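Below is one structure; the comments refer to it alone.
We count ligands from 1, going down the list as the structure has it; atoms in each ligand are counted the same way. Only a predicted model underlies this, so the values are computations on that prediction, with no experimental measurement involved.
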Amino acid sequence: MKNKVVVTGGLGYIGSHTVVALLENGYEPIIIDNLENSSLEVINGIFKITGIKPSLHIIDCKVYIELETVIKNIEGICGIIHFAAYKSVNESIEKSYAYYENNILSLINVIKIADKYAIENIVFSSSCTVYGNPLEQPVTENMPFGEITNPYGKSKMMCEEILKDFYISSAKHKVISLRYFNPIGAHTTGLIGELPNGIPNNLLPYITKVASGKLAKLKVFGNDYNTKDGTCMRDFIHVCDLADAHISALNYANSKENKNYDVFNIGTGIPTSVLELITTFEKVNNIKIDYEFTKRRAGDIESIYAKTDKAAETLSWKSKRNISQSLKDAWNWELKNNKHD
Ligand code: UFG
């Protein structure tokens, strides 16, 4: 049986947790990573959790020849999970062309490789950012997109379109786009987790840095939204639940006889406000977070959360871990990884 899965960006935050999930589910991951936003140490964390050191190729997906040099020598590849991408909303506004170049070129190279070497299953890491400012809540996969306000989000939307066109022309590929909501937390062992470059932009990594005293105070961007406590609402999902969704997607793609394209929301379906996340973090970890309300952050949407029925019905996948678990795991990871700062 073919059980090898190429994981681009496999040393990144979601990628590394997915590599662990693949190993635990009988797949053989082959990691491709250019180390631009990740660290070689992640492979040691994966080894400590699973007892296996997967094969690792330090190459850049933007360079087709590098990708081909690796892939052409491997027999038995059943799928590619494509994470490798830039992911900062703010940075994408400043360096739009770099985001389009990296995110789109890498995807095109992945498709070219999948086509040339008959790798039938492709799972793409998309984002709920493609919904823009949603017209309704919870968001469903087939609802029309609102306006997407940043190049990062547009690059994800364009990648989905490119994949859809590829599927139309393909004779046999099974392609799945997973629209992630807000991933948080870390592996419960504290051996792998998120390693943001510099000062974090995202909420939970910022909270853990304030909790550990590395940053002075959290700014809560806006408390005048039309929500229950005035702060934004998000669908925060444990990164291990997100990782498991890739196994379900791959199994589903593998089970299909004919070519297929599909897209799934991967969230919990539960909206949580920014303030609730902070106060729950304080409660479950028994630690105070110093925070203040400041003005709204440009480009933020008020509220977004997923309708997850499609993933439940089609992929037999549902999130299992609650917010408290995510927040305990995030704090455990922070405590075990002081050396990274
Ligand atoms: N927030 C703060 N203070 C901070 C950081 C964030 O109040 O220091 C607030 C934001 O204003 C927002 C919420 O916390 O209301 C969540 O913000 P994040 O930056 O953590 O996450 P976003 O929802 O803005 O975006 C994230 C990723 C995107 C991805 C999107 C949907 O950054 O890459 O989720 O998947 F596209």
> In terms of atom number and element, which parts of ligand 1 are under 4.0 angstrom from non-hydrogen atoms of K87?
Replying inline: 33 (O)
>> Quick check: closest heavy atoms across K156 and S127, and the distance to 0.1 Å?
In response: CG-CB, 4.4 Å
>> Side chains of S177 and E160 only: does a donor on one sit below 3.5 Å from an acceptor on the other?
In response: no
>> Judged on heavy-atom distance to atom 4 (C) of ligand 1, which of Y86, F293, F221, Y291 sits nearest?
In response: F221
>> Going by the closest heavy atom to atom 6 (C) of ligand 1, which one wins out of T129, L275, L203?
In response: L203
>> Could you check whether any side-chain heavy atom of I237 comes within less than 4.5 Å of a side-chain heavy atom of Y180, counting everything from C-beta outward?
In response: no
> Which of the atoms in ligand 1, numbered in the order shown and given with their element, are less than 4.0 Å from a heavy-atom of Y180?
Replying inline: 35 (O)
> Nearest protein heavy atom to atom 27 (C) of ligand 1, by residue and atom, and its distance?
Replying inline: N202 ND2, 3.7 Å
> Out of R297, K217, K219, K209, whose heavy atom sits nearest atom 24 (O) of ligand 1?
Replying inline: R297
> Using heavy atoms and a threshold below 4.0 Å, how should the contact between F181 and ligand 1 be classified: side chain, backbone, both, or neither?
Replying inline: backbone
>> Within the 4.0 Å heavy-atom shell around V220, which atoms of ligand 1 are there?
In response: 7 (O)
>> I'd like to check which ligand 1 atoms, numbered from 1 as shown, lie under 4.0 Å from a non-hydrogen atom of C232.
In response: 15 (O)
> Which ligand 1 atoms are under 4.0 Å away from a heavy-atom of N201?
Replying inline: 5 (C), 19 (O)
> Are the side chain of R296 and the backbone of D224 linked by a donor-acceptor contact shorter than 3.5 Å?
Replying inline: yes
>> Return the closest protein heavy atom for atom 36 (F) of ligand 1 as residue, atom name and distance.
In response: S127 OG, 2.9 Å
>> Quiz question: by atom type and distance under 3.5 Å, do the side chains of N202 and Y13 form a donor-acceptor pair?
In response: no
> In terms of atom number and element, which parts of ligand 1 are under 4.0 angstrom from non-hydrogen atoms of C128?
Replying inline: 31 (C), 35 (O)
> Going by the angle between their ring planes, with limits at 30° and 60°, are Y252 and F264 parallel, tilted or perpendicular?
Replying inline: perpendicular
> With a 6.0 Å cut-off on ring centres, are F83 and H246 close enough?
Replying inline: yes
> Among protein heavy atoms, which sits nearest to atom 13 (C) of ligand 1, and what does the distance come to when rounded to 0.1 Å?
Replying inline: V274 CG2, 3.7 Å
>> Among all the protein's non-hydrogen atoms, which is closest to atom 23 (O) of ligand 1, and how far away is it?
In response: R234 NE, 2.6 Å
>> Heavy-atom distances under 4.0 Å decide this one: backbone, side chain, both or neither, for N182 against ligand 1?
In response: side chain
> Aromatic rings Y167 and Y261: how do their planes relate, parallel, tilted or perpendicular, breaks at 30° and 60°?
Replying inline: tilted
>> Checking one residue: V6. Which other hydrophobic residues are in its cluster under the side-chain 4.5 Å linking rule?
In response: I30, I32, I59, Y64, L67, V70, I71, I74, I77, I80, V110, I113, Y117, I119
